[in-house]
Amino acid sequence: SAVTRQDPEELREELEAVLLQGDVGILAADRLIKSIQGQDGDRWQLLEEEMLRILEGEGENGERPPITTGGPHVILLVGTNGSGKTTTAGKLASKYAGEGKSVLLAAADTYRAAAIEQLQIWGERSGVDVISQERGADAASVAYDSLSAAIARNMDVLIVDTAGRLQTRSNLMDELKKIRRVLQKQGDQYPQETFLVLDATIGQNALSQARLFHEAVELDGLILTKLDGTAKGGMVLAVRQEVDLPVRYIGVGERADDLMEFSPKEFVQALLE
Amino acid sequence: EISRKLDSAFQKLRGKGKLNEKDVTAGLREIRLALLEADVHYKVVKEFLSAVKERAVGNEVLKSITPGQQIVKIVHEELVKLLGGQSAPLRLASQPPTVVLLAGLQGSGKTTFAAKLAARYKKRGKRPHLVAADIYRPAAADQLEQLAETIGCTITRGEEGESPESITERAIRKARGDLKDLVIVDTAGRLHVDDDLMGEIERISAVAEPHETLLVVDGMTGQDAVNVATAFQERIGLDGFVLTKMDGDARGGAALSIRHVTGTPVKFVGVGEGIEALEEFHPDRMATRLLG
Ligand SMILES: Nc1nc2c(ncn2[C@@H]2O[C@H](COP(=O)(O)OP(=O)(O)OP(=O)(O)O)[C@@H](O)[C@H]2O)c(=O)[nH]1
Ligand SMILES: Nc1nc2c(ncn2[C@@H]2O[C@H](COP(=O)(O)OP(=O)(O)OP(=O)(O)O)[C@@H](O)[C@H]2O)c(=O)[nH]1
Ligand SMILES: [Mg+2]
Ligand SMILES: [Mg+2]
C-alpha cells in the first residue's frame with residue numbers, strides 16, 4: 001500500500017507537522033506518534049483513534065448534569081481576556097430560552113468598559129433579563145444577588161458572566177474564588193457547571209490556563225471558541241491528558257446560534273485534514 | 001533554565017572526549033523544543049535553526065568549556081537580530097493628522113490598544129482622535145467612548161446604520177478640521193477567512209489611507225499567527241504589529257513567527273488592561289522570554 005512504501009521518517013515528520021499546525025504542542029504530538037509506533041495499520045487512522053480515545057476519556061463524555069429541578073441550574077463562565085465569555089453567555093442564554101427554559105443572566109464583569117452594556121444587549125436579543133449593578137461594584141455581590149433573584153423567581157437557568165483575567169494574576173483569581181464561594185453559600189450544588197472559555201487561536205498557554213483556573217474554581221469543562229477560523233484548538237488534547245477536562249461546547253461564530261455541542265470525531269477529523 | 005539543561009547534556013557528551021557536530025545537533029533539539037513550546041511556528045523554527053546551526057558548529061561552541069551556554073548565547077543573538085534588533089517607533093506623518101489603522105482577530109485587544117495609544121500621545125502633548133468603526137460587536141462604540149472619556153480624548157462614533165467606511169471618512173475629515181495630530185481607527189475583530197469582512201477592511205483602508213497599519217495580535221496566539229498575519233498583509237499591508245496580553249505567562253512565539261513571515265516589526269506590547277499598560281518592544285527581553 002502507499003502507506004507502507006513511504007519512508008517512516010518522512011511519514012513521522014508529516015504526522016508531526018499536521019499535529020503541530022493544529023496546536024497539539026510538541027510534547028503531546030510526540031506522545032501521540034510514539035503511542036501508535038508499535039501498531040499495524042494506516043498511521044492516520046491510528047492517530048485519529050488515539051486522539052479520539054484521549055478526548056472521549058473514560059466514556060463519560062456523554063454524561064451531562066441534567067437541569068436540576070431543585071433550584072436554578074447555575075453556569076459560571078471564566079477565562080482570559082477576550083476569549084469569548086460574554087458572547088458565549090449570550091449564546092447559552094438563547095439556547096436555553098429557545099428550549100422554553102426561564103433564564104437569567106448575571107453581569108458580574110463590573111470592571112471593563114461597556115461590559116455590562118454588552119451583556120444587556122445579548123439579554124435583549126434572547127429575551128432574557130440581566131441582573132447587574134453599576135460599573136465598579138463588587139463582582140461577588142452581583143453574583144450573589146443574581147442567584148438570590150434566580151431562586152426567588154424560580155428560574156430554570158442562571159448564567160454568570162465574569163471579567164476576563166490572566167491566570168497568573170493571583171488577586172484576580174482570588175476574586176474568582178470569592179464569586180464561586182458566594183454562589184456555593186446559597187447551596188452546595190451551585191454552580192452546577194463551571195466552564196473555562198478558551199480561544200481556539202491560542203497555543204500552549206491553554207495548559208497553564210486550564211491548570212490555574214481549575215485550581216481556583218474547580219472547572220467542569222471547556223468551551224472552545226472561534227473554531228470558525230483556521231485555528232484547530234489542538235491544545236485541548238494535552239489539557240484532557242493533564243488536567244482531565246473535557247470540551248463541552250464549541251463556538252463557531254459571533255451569532256446567538258453559533259454554539260454547538262462538542263463532537264470529538266468532527267474535531268479530530270478537522271485537525272487532521 | 002535552558003542553558004543549564006544544555007550544559008548538563010553536554011557534560012555527559014564531553015565525558016567521551018571532544019564535542020562534535022552531532023552533539024551540537026542534539027543541543028539544537030533542546031532549543032527546538034523550547035521554541036515550539038513557546039508557540040513559535042514550526043516552519044519558522046526549522047528555518048531559524050538551520051540558519052543558527054552554521055554558527056553553532058563553529059569553534060566558538062566546540063572549543064568552549066561551556067558549550068551549552070555558548071549555543072544559548074548564539075541563539076539569543078540570532079533571535080534578537082531576527083526580531084529587529086531594536087524598538088521600531090510609530091511613523092508620524094509629515095502633514096498631520098497621522099492616521100493609524102488597527103486590524104486583527106476577535107478579542108485580540110484592538111479597542112483597548114486604541115485607547116492606550118491615544119493616551120500615550122496625549123501625554124506627549126499631541127491631540128489624538130479616536131474612531132469607533134466597529135459596527136457589529138454589541139456596545140463596541142460605547143466601550144471606546146467610555147475609554148475616550150477616561151483619557152479625555154475626542155471620538156467619532158457611527159450613526160444608525162452608517163458603514164465603517166463612512167464613519168472613518170467623516171472622522172478623518174473632522175480631525176483635519178480640528179487640527180488633530182493623530183487619528184486612530186478601531187475596527188471590528190474579523191477572521192482572515194471571512195471574505196466579506198476582509199473586503200470591508202480593504203475598503204476602510206482605501207478610505208483612511210493610513211500612515212500606519214498595525215495588526216493587533218494576542219500574545220498567546222499559537223501556530224495560527226502565520227495564517228492571520230500573511231492574510232492581513234496581503235489584503236491591506238502592514239507596517240507593524242502589536243503584541244497584547246504579555247503581562248501573562250504566554251511566551252509570545254507569535255512575535256517571532258509574524259516578524260519572520262511578514263518582515264514587519266513589533267511596535268508595541270500590551271502589558272495589562274489599564275490605559276498605562278503599554279510598552280515599547282524590547283527584542284532582547286523577548287528573546288529571553290522565548291527561550292524560557
Ligand atoms: N469568530 C468568532 N468570534 C467569536 C466567537 N466567540 C466570541 N467571538 C468574538 O470574540 C470577541 C470577544 O468576545 P467577548 O464575548 O467580548 O469575550 P470576553 O471573554 O467576554 O472578553 P472580556 O470580557 O473582555 O474578557 C467578540 O468580538 C466576539 O464577537 C466565536 O466562536 N467565533
Ligand atoms: N491582561 C491584559 N488584558 C488586555 C490587554 N489588552 C487588552 N486586554 C483585555 O482583553 C480583552 C479584549 O480587549 P478588546 O480591546 O475588547 O479587544 P478587541 O480586539 O477590541 O475585541 P473585538 O473588538 O471584539 O475584536 C479586554 O478584556 C481587555 O481589557 C493586555 O495587554 N493585557
Ligand atoms: Mg466579557
Ligand atoms: Mg474591539
Side-chain angles (χ1 to χ4, degrees), chain A residues 16-17 19-27 29-30 80-87 90 111-122 124-125 135 163-169 172 199-209 212 225-226 228-235 251 253-254, chain B residues 32-43 45-46 105-112 115 136-150 188-194 217-228 231 244-245 247-254 272-273:
Chain A
E16 193 185 64
L19 292 174
L20 288 178
Q21 179 65 51
D23 280 313
V24 167
I26 184 67
L27 298 178
D30 286 347
T80 58
N81 306 75
S83 63
K85 299 173 293 300
T86 303
T87 304
Y111 171 76
R112 206 206 68 211
I116 296 168
E117 292 88 321
Q118 184 186 3
L119 191 66
Q120 283 172 332
I121 292 172
W122 275 105
E124 288 165 20
R125 281 179 183 178
R135 186 180 173 194
R165 69 203 70 222
L166 298 186
Q167 67 277 18
T168 45
R169 292 283 308 275
L172 298 182
D199 186 332
T201 65
I202 68 170
Q204 299 310 298
N205 195 251
L207 205 47
S208 162
Q209 289 182 27
L212 295 177
T225 63
K226 309 178 198 175
D228 45 322
T230 51
K232 306 291 187 189
M235 330 70 76
E254 301 185 73
Chain B
R32 176 179 185 254
L33 222 75
L35 293 176
L36 287 174
E37 289 216 277
D39 290 320
V40 180
H41 194 274
Y42 76 94
K43 288 183 184 167
V45 173
K46 191 169 190 180
L105 295 182
Q106 289 86 348
S108 61
K110 299 174 290 302
T111 304
T112 306
Y136 308 105
R137 171 173 156 151
D142 294 334
Q143 183 186 3
L144 192 61
E145 192 166 54
Q146 287 179 22
L147 290 169
E149 197 173 321
T150 305
R190 70 202 62 228
L191 294 176
H192 52 298
V193 290
D194 182 331
V217 180
D218 192 321
M220 310 175 231
T221 306
Q223 303 288 294
D224 203 43
V226 165
N227 296 335
V228 177
T244 63
K245 309 176 202 172
D247 42 316
D249 61 356
R251 302 263 287 280
E273 291 190 77

| request: Could you tell me whether the side chains of E254(A) and Q106(B) share a donor-acceptor contact shorter than 3.5 Å? | output: yes

| D194(B) versus chain A, heavy atoms under 4.5 Å apart: side chain, backbone, both or neither? | neither

| message | Less than 4.5 Å to any heavy atom of chain A: does that hold for the side chain of K110(B), its backbone, both, or neither? | response | neither

| In terms of heavy-atom pairs under 4.5 Å, which option from Q209(A), K232(A), K226(A), Q118(A) contacts chain B the most? | Q118(A)

| request: Under 4.5 Å heavy-atom distance to chain B, tell me which part of Q120(A) shows up: side chain, backbone, both or neither. | output: neither

| query | Looking at I121(A), D199(A), T225(A), which has the largest count of heavy-atom pairs under 4.5 Å with chain B? | reply | I121(A)

| request: With sequence neighbours left out, write down each residue that passes salt bridge (charged side-chain N to carboxylate O under 4.0 Å, His left out) with K245(B), or none if nothing qualifies. | output: D218(B)

| task | Of all the heavy-atom pairs spanning A114(A) and A139(B), show the shortest one and how long it is. | result | CB-O, 3.7 Å

| field | Which atoms of A17(A) approach chain B - backbone, side chain, both or neither, heavy atom under 4.5 Å | value | both

| If you take all heavy atoms of D39(B) and G203(A), which pair is closest and at what distance? | OD1-CA, 3.3 Å

| task | Side-chain contact test, heavy atoms from C-beta onward, threshold under 4.5 Å: evaluate it for Q143(B) versus R112(A) and give yes or no. | result | yes

| request: Go through the structure and list residues passing salt bridge (charged side-chain N to carboxylate O under 4.0 Å, His left out) with D142(B), not counting sequence neighbours. | output: R157(B)

| said: Quick check: do L33(B) and L27(A) have side-chain heavy atoms less than 4.5 Å from each other? | reply: yes

| said: One thing to verify: whether R137(B) and E117(A) come together as a salt bridge, which I'm taking to mean a side-chain N less than 4.0 angstrom from a carboxylate O. | reply: no

| message | Contact between K43(B) and Q21(A) at the side-chain level, heavy atoms closer than 4.5 Å - yes or no? | response | no

| Say you draw a straight line from CD of E37(B) to CG of N205(A); how long is it, rounded to the nearest 0.5 Å? | 12.0 Å

| query | side-chain contact (heavy atoms from CB on, under 4.5 Å) between L166(A) and M220(B): does it pass, once the steps are laid out? | reply | CA-CA 11 Å; L166(A) 298 186; M220(B) 310 175 231; 4.0 Å; yes

| Side-chain donor-acceptor pair present, T168(A), D249(B), cut-off under 3.5 Å | no

| query | So do Y42(B) and E16(A) actually touch side chain to side chain, heavy atoms under 4.5 Å? | reply | no

| remark: Pair count under 4.5 Å, heavy atoms only, with chain A: among T244(B), L105(B), N227(B), T111(B), highest is N227(B)

| remark: So CG of L191(B) and OG1 of T230(A): to nearest 0.5 Å the spacing works out to 8.0 Å

| If you count the non-hydrogen atoms of other residues, nucleotides and ligands that lie under 6.0 Å from CZ in R125(A), is the total more than 12? | yes

| query | Does Q223(B) use its side chain to pair, donor to acceptor, with the backbone of D23(A) at less than 3.5 Å? | reply | no

| query | Where does I26(A) contact chain B at under 4.5 Å (heavy atoms): side chain, backbone, both or neither? | reply | side chain

| Heavy-atom proximity to chain B below 4.5 Å, by part of T80(A) | side chain

| For L119(A), is it the side chain, the backbone, both or neither that has a heavy atom under 4.5 Å from a heavy atom of chain B? | neither

| Below 4.5 Å, heavy atoms only, C-beta onward: do Q204(A) and L36(B) meet side chain to side chain? | no

| said: Tell me which of these, S208(A), G22(A), A200(A), has more heavy-atom pairs under 4.5 Å with chain B than the rest. | reply: S208(A)

| remark: Per-residue tally against chain A (heavy atom, under 4.5 Å) across G253(B), A250(B), P138(B), G248(B) peaks at P138(B)

| request: Can you tell which part of I202(A) gets under 4.5 Å to a heavy atom of chain B, answering side chain, backbone, both or neither? | output: both

